[in-house]
Amino acid sequence: MRKSFCFLLLIVSIFSSDSHAQTVKGQVTRKILQDDSIVVRLKRSRDSLEAADIRERDNMNRRAFLRMAKEQEEHRKKEKRRAYIRIGIGIVLLIVLVLGWNRRGKKTATP
């Protein structure tokens, strides 16, 4: 983008260099108007390029934010699943412990 802008400025400076030559007063006025219109066109094109650049950066930021939010959501789901698995394993081990205590208690009660 910067290269195209520099190239455009180079072209404008080449074509506007003849406006400084000595000419008839009417031609000078016409050249100045043309130069002003060129300046206005350059400003418009620069503004449109900057606006396009800003839109592109906004889109990139938005995509990066959405990607990050999606990754965080996936991470939360994985962590939640791992937590449920750990809770399930804990409950199973608790049941095994309680059953072991019950069996041990029954063995000592019936000699």
Side-chain angles (χ1 to χ4, degrees):
M1 182 183 314
R2 198 173 246 192
K3 288 180 181 179
S4 62
F5 183 68
C6 290
F7 180 70
L8 189 60
L9 280 176
L10 179 67
I11 290 174
V12 169
S13 65
I14 289 171
F15 288 116
S16 66
S17 64
D18 64 330
S19 67
H20 299 295
Q22 293 180 353
T23 57
V24 180
K25 188 174 185 175
Q27 289 178 347
V28 170
T29 305
R30 191 170 357 122
K31 284 288 186 185
I32 291 173
L33 290 176
Q34 288 175 350
D35 288 343
D36 288 343
S37 65
I38 289 173
V39 169
V40 169
R41 279 189 242 148
L42 277 175
K43 285 182 181 178
R44 285 183 190 160
S45 65
R46 184 181 60 201
D47 291 344
S48 66
L49 290 175
E50 287 177 358
D53 189 36
I54 289 170
R55 282 193 302 270
E56 182 62 30
R57 276 188 267 142
D58 285 346
N59 288 336
M60 286 174 45
N61 289 340
R62 187 175 301 117
R63 285 191 301 260
F65 176 76
L66 292 176
R67 188 177 337 121
M68 184 183 65
K70 184 178 178 182
E71 289 174 2
Q72 283 181 345
E73 186 63 31
E74 290 174 0
H75 183 71
R76 284 188 192 121
K77 285 180 182 179
K78 287 179 183 178
E79 287 296 319
K80 193 174 185 180
R81 184 172 182 264
R82 289 178 187 161
Y84 286 145
I85 289 172
R86 289 182 186 129
I87 290 171
I89 290 172
I91 290 173
V92 168
L93 290 176
L94 182 64
I95 291 172
V96 169
L97 178 68
V98 170
L99 289 176
W101 281 343
N102 283 341
R103 281 186 160 193
R104 187 173 180 200
K106 286 182 183 177
K107 284 184 182 178
T108 58
T110 46

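Side-chain atoms are counted along with the backbone in the values below, which use heavy atoms only and exclude waters and symmetry mates.
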Would you give the length of the straight line joining atom [atom1] of [X] to atom [atom2] of [Y], rounded to the nearest 0.5 angstrom?
X: Leu49; Y: Ile54; atom1: CG; atom2: CD1; value: 11.0 Å
X: Leu94; Y: Ile89; atom1: CG; atom2: CD1; value: 13.5 Å
X: Glu79; Y: Arg86; atom1: CD; atom2: CZ; value: 6.5 Å

**Request:** List, by chain and number, the other hydrophobic cluster members for Ile95, where Ile, Leu, Val, Met, Phe, Trp and Tyr join if side-chain heavy atoms come within less than 4.5 Å, directly or indirectly.
**Result:** Ile87, Ile91, Leu99
**Prompt:** Do the charged groups of Glu73 and Arg76 touch, with an N to O distance under 4.0 Å?
**Reply:** yes
**Prompt:** Can a salt bridge be assigned to the pair Asp53 and Arg57 using a cut-off of 4.0 Å between side-chain N and carboxylate O?
**Reply:**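 Yes.
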**Asked** Should Ile85 and Leu93 be regarded as members of a common hydrophobic cluster, given that ILVMFWY residues are connected when their side-chain heavy atoms come within less than 4.5 Å of each other, either directly or indirectly?
**Response** yes
**Item:** side-chain contact (heavy atoms from CB on, under 4.5 Å) evaluation trace for Asp47 with Glu50
**Value:** CA-CA 5 Å; Asp47 291 344; Glu50 287 177 358; 4.1 Å; yes
